[in-house]
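Structure record follows, encoded as structure tokens.
One-based numbering, in listed order, for ligands and for the atoms of each.
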Amino acid sequence: MARSYLGEARRRVGPKRQRIGPIIDRLAAEHADAAIALRFENDLQLLVSVMLSAQTTDVNVNRVTEHLFRKYRRPEDYLAVEPEELERDIYATGFYRQKTKSLRGTMRVLLEEFDGRVPRRVEELVRLPGVARKTANVVAAELGDAQGVVVDTHVRRLSQRLGLTRQEDPVKIERDLMRLVPRADWGRFPHLLIWHGRRVCDARRPLCEECVVSDLCPSSRAQPGASATSSPPSRS
Ligand code: SF4
């Protein structure tokens, strides 16, 4: 029964290649303010903010960096103090020992290999200590040259519910989205899903009746007999 319902839901909404354009357009109209919530004024501040945002909220990071960025302005500044001092300065973001290690390692590599500047290519960014692909993708996208699609918990959940991927692994989800989403939209697409996920498509209680892409979503419970879950809408 579940299987036949899923098949019916997929037929109702049509192929994902036809849906992706309207999905992006409608979400962009609905969430015109969707953008990164971290506050930064230059490339280095962006990189540091994204590194600090692991396992904490953007609000928390902004609170810490408001003071941090007054004290640490160049890569050299992060290396000029004892590690314990930097640990204290970023303590409130959590995992402060590991983050201090990553920040100092990153600043060292920036100075030694990149002339003190933040590189723009993902393959260069991931050479920085503590910078994984997701961080690199966020930084590259914010610098105006998205080279992949950022996949966080919201992007994963919404991509699955919208039937844009059947994968669970973030790397495979990113690969599916890169094939589907037009390259020009790689940067803004994750923001649209993140904001839609926060405001409408909640993990536990999606507001399908108020959702602007309800008729394009195979998981919509606004349709007769349908029910949105945190699971992918289809596996067949
Ligand atoms: S219709 Fe429901 S499940 Fe689908 S994207 Fe909208 S809120 Fe989420």
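Every atom of ligand 1 is numbered from 1 in the order shown, and the set under 4.0 Å from a heavy atom of Ser214 is 1 (S). Interface atoms of ligand 1 facing Ser220, defined by a heavy-atom separation under 4.0 Å, are 1 (S). Of all atoms in ligand 1, numbered sequentially from 1 with element shown, those under 4.0 Å from a heavy atom of Cys201 are 3 (S), 5 (S), 7 (S), 8 (Fe).
Under the 4.5 Å side-chain criterion, counting only non-hydrogen atoms from C-beta, Arg175 is not in contact with Met178.
In this structure, CZ on Arg199 lies 13.0 Å from CD on Glu210, to the nearest 0.5 angstrom.
Among the atoms of Cys211, an N, O or S atom is found under 2.8 Å from atom 6 (Fe) of ligand 1. Taking backbone and side chain together, His196 holds no N, O or S atom under 2.8 Å from atom 8 (Fe) of ligand 1.
Cluster annotation: Val151 and Val122 are assigned to distinct hydrophobic clusters (Ile/Leu/Val/Met/Phe/Trp/Tyr, side-chain heavy-atom contacts under 4.5 Å, transitive).
Pairs passing the salt bridge (charged side-chain N to carboxylate O under 4.0 Å, His left out) check and including a residue from residues 54-69, sequence neighbours excluded, read Glu66-Arg70. Applying the side-chain hydrogen bond (donor to acceptor under 3.5 Å, both in side chains) definition to pairs two or more places apart or across chains, those involving residues 35-51 are Asp43-Arg120.
Counting heavy atoms under 4.0 Å from ligand 1, residue Cys217 touches it through the side chain alone.
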